[in-house]
K.L.:
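Encoded as structure tokens, here's the structure I'll be asking about.
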2 protein chains.
Amino acid sequence: MTLPRLKRSTLGDDVYDTLRSAVLEHTLQPGDRVNIDGLARELEVSPTPVREALARLESEGLVRKRPLAGYTVSPLLTRAEFNDMFEMRLLLECAAARWAATRATAAQRSELVTEATRTIAGGDDRQWHAAFTALDAHLHDLIATASGSPLLRDSIARLHAHLHLHRRYFPYAQTAVTNDEHQDIAAAIERADPEAAETAMRVHLTRARERHLVAFQE
Amino acid sequence: MTLPRLKRSTLGDDVYDTLRSAVLEHTLQPGDRVNIDGLARELEVSPTPVREALARLESEGLVRKRPLAGYTVSPLLTRAEFNDMFEMRLLLECAAARWAATRATAAQRSELVTEATRTIAGGDDRQWHAAFTALDAHLHDLIATASGSPLLRDSIARLHAHLHLHRRYFPYAQTAVTNDEHQDIAAAIERADPEAAETAMRVHLTRARERHLVAFQE
DNA sequence: GGTTCGTAGATCCTATAGGATCTTTCCTGG
DNA sequence: CCAGGAAAGATCCTATAGGATCTACGAACC
């Protein structure tokens, strides 16, 4: 019999979750100054837990700290940083796909296939895109988890936080193609074909990179 | 004219550095409970900056937090975690060596060769081993930096913190071989041969893994 | 007009205090 | 002797207050 972990949470953790979401959903926009006291008043807590949450967010790179001058939300990726991120994604996520193909459990494989074939229901444009992005993130996380390497999963998760931030600013439209690519990856992993899984992931990421590159055209 | 960044530091940052060193040098041992108030008294600061430092260290995985019950220093790697770490090292550091071979600056190449040929001067056994470990960490960081990918370097740095923790507990003796392997890598990078650099790194890490494995024999 | 200086306001950082929770110890009952 | 429970102590977490630093604005000077 397994009971649900009863949650003994602290305010610091709650503030962290709230702030993290606020940054990712760009309620707090890149470059914005983060007023500790103001935020504390708004969340109806004291500055102490807010500081603790900010310290953690800084370690993840979502905010930057300037000593004695406060925190600011991390700016959007430069073109160089964007390229670096996709090189890292190629390195990490291709490995994740390869490993997942040989190590994933049966349950993970079937969940992966199910999620890859899911489509997003209607809603307004903005809402729909948010849901699509969430699904995409979830899928990549499933693969990272199925790789069986906690460290690999953690590294990928860190990257995706920044990717998410970028994506919210530059939505793109070709989601049907993305879905097809996802299904290719899922299928390869499902039939335990590491070579195909890695290749499918490489294709997917390479194309995704192209799709996102329009953000840097001026 | 470039002036040295004048340091406007906060107590939180100082405490962070001190605590991080304490964990890495196992002044604070794995599994130890971290008494916030006690630490604050010892460092002669208030608990507030100590909490901030601990929040950051937790994000890096050097300490663990149990809500309402304090922090503990992260335990040593299990055998599974150790294997996971070396799989990640193979993935990340081989890529770093490959990229460094094509992208490193001239200054980086020469520094790498210099450092790889350096030997550790005497001192007592413990001291000597600490110096050797530091040199090894520095060398791997040089390669990670020379890869030209800040994200890759950061990921590798995170891994090495845990590796360092493990190593301080299970020193091994075959340092001469290690030096040779380092020189092989440095030479390959110096002559801009990515294939050889990756291979040399792979050989080095595979053998290093074997050398460290004795820690798990009972 | 542009630059430098000085002041006022806002913000950050640290210390302290008290309520809430956990841990340990001791005691009681079986 | 062992299990269960209660109370005391230690520890954690949050709020508040005040000193220190930064930022912004306006005046004086070149």
Side-chain angles (χ1 to χ4, degrees), chain A residues 1 3-20 22-23 27-75, chain B residues 1 3-20 22-23 27-75:
Chain A
M1 163 177 185
L3 277 73
R5 265 260 164 294
L6 49 81
K7 62 162 201 174
R8 308 172 276 198
S9 70
T10 63
L11 264 187
D13 292 340
D14 293 343
V15 173
Y16 168 78
D17 289 337
T18 304
L19 246 51
R20 185 183 154 85
V23 172
T27 305
L28 290 173
Q29 303 212 0
D32 276 2
R33 298 205 53 204
V34 179
N35 186 325
I36 298 180
D37 290 329
L39 221 79
R41 274 192 300 275
E42 193 158 344
L43 298 175
E44 295 182 326
V45 296
S46 77
T48 312
V50 174
R51 289 184 131 317
E52 200 176 315
L54 285 173
R56 285 211 261 164
L57 288 172
E58 195 216 357
S59 176
E60 298 179 20
L62 289 181
V63 301
R64 278 163 154 62
K65 175 184 179 182
R66 221 174 6 147
L68 304 183
Y71 290 87
T72 57
V73 179
S74 293
Chain B
M1 163 177 180
L3 278 73
R5 263 259 166 293
L6 50 82
K7 62 162 205 174
R8 310 172 278 198
S9 69
T10 63
L11 264 186
D13 292 339
D14 293 344
V15 173
Y16 168 78
D17 290 337
T18 304
L19 247 50
R20 185 183 155 84
V23 172
T27 305
L28 290 173
Q29 302 212 0
D32 276 1
R33 298 205 54 205
V34 179
N35 187 325
I36 298 180
D37 290 329
L39 236 115
R41 272 193 301 275
E42 193 158 345
L43 298 176
E44 296 182 324
V45 297
S46 78
T48 313
V50 175
R51 297 184 75 58
E52 199 176 315
L54 285 172
R56 285 211 260 164
L57 288 172
E58 195 215 358
S59 177
E60 298 178 21
L62 289 181
V63 301
R64 280 163 151 61
K65 175 185 181 182
R66 223 175 2 147
L68 305 183
Y71 290 87
T72 57
V73 179
S74 294

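In what follows, chains are A, B, ... by sequence order, proteins preceding strands, each numbered from 1.
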K.L.:
Taking Thr72(A) for its side chain and Arg33(A) for its backbone only, find out whether a donor-acceptor pair lies under 3.5 Å.
P.N.:
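No, because the side chain of Thr72(A) does not come within donor-acceptor range (under 3.5 Å) of the backbone of Arg33(A).
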K.L.:
In terms of the nearest nucleotide of DNA chain C, which residue is placed more toward the 5' end: Arg33(B) or Pro47(B)?
P.N.:
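Closest to the 5' end, via its nearest nucleotide, is Pro47(B).
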K.L.:
Quick check on dT23(D): is either OP1 or OP2 less than 4.0 Å from any side-chain nitrogen or oxygen of Arg66(A)?
P.N.:
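The answer is yes; a side-chain N or O of Arg66(A) sits under 4.0 Å from OP1 or OP2.
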K.L.:
Would you mind reporting whether Val15(A) and Glu52(A) have side-chain heavy atoms less than 4.5 Å apart?
P.N.:
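They are not in contact (no side-chain heavy atoms under 4.5 Å apart), so the answer is no.
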K.L.:
Does Arg51(A) have a side-chain nitrogen or oxygen under 4.0 Å from the phosphate oxygens OP1 or OP2 of dC12(C)?
P.N.:
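Indeed not, no polar side-chain atom of Arg51(A) lies that close.
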K.L.:
Can you identify which nucleotide, out of dT14(C), dT21(C), dT11(D), has its nearest atom closest to the Asn35(B) side chain?
P.N.:
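When the side chain of Asn35(B) is considered, dT11(D) is the closest of dT14(C), dT21(C), dT11(D).
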K.L.:
What contact category does Thr10(A) fall into here, base, sugar-phosphate, or nothing, at under 4.0 angstrom with non-hydrogen atoms?
P.N.:
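Result for Thr10(A) = sugar-phosphate.
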K.L.:
Taking the minimum atom-to-atom distance to the side chain of Thr48(B), which one of dC12(C), dA15(C), dT14(D) wins?
P.N.:
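Nearest listed nucleotide: dA15(C).
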K.L.:
Leu11(B) side chain: which of dT11(D), dC22(D), dA15(C) is closest?
P.N.:
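Closest of the options to the side chain of Leu11(B): dA15(C).
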K.L.:
Which of these nucleotides, dT16(C), dT23(C), dT21(D), is closest to any side-chain atom of Leu68(A)?
P.N.:
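Between dT16(C), dT23(C), dT21(D), the one nearest the side chain of Leu68(A) would be dT21(D).
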K.L.:
Within the structure shown, what part of the strands sits under 4.0 Å from Gly12(B) by heavy-atom distance: base, sugar-phosphate, or nothing?
P.N.:
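Result for Gly12(B) = sugar-phosphate.
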K.L.:
Should Ser46(A) be listed as having a side-chain N or O under 4.0 Å from OP1 or OP2 of dA15(D)?
P.N.:
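It does, given that an N or O in the side chain of Ser46(A) lies less than 4.0 Å from OP1 or OP2 of dA15(D).
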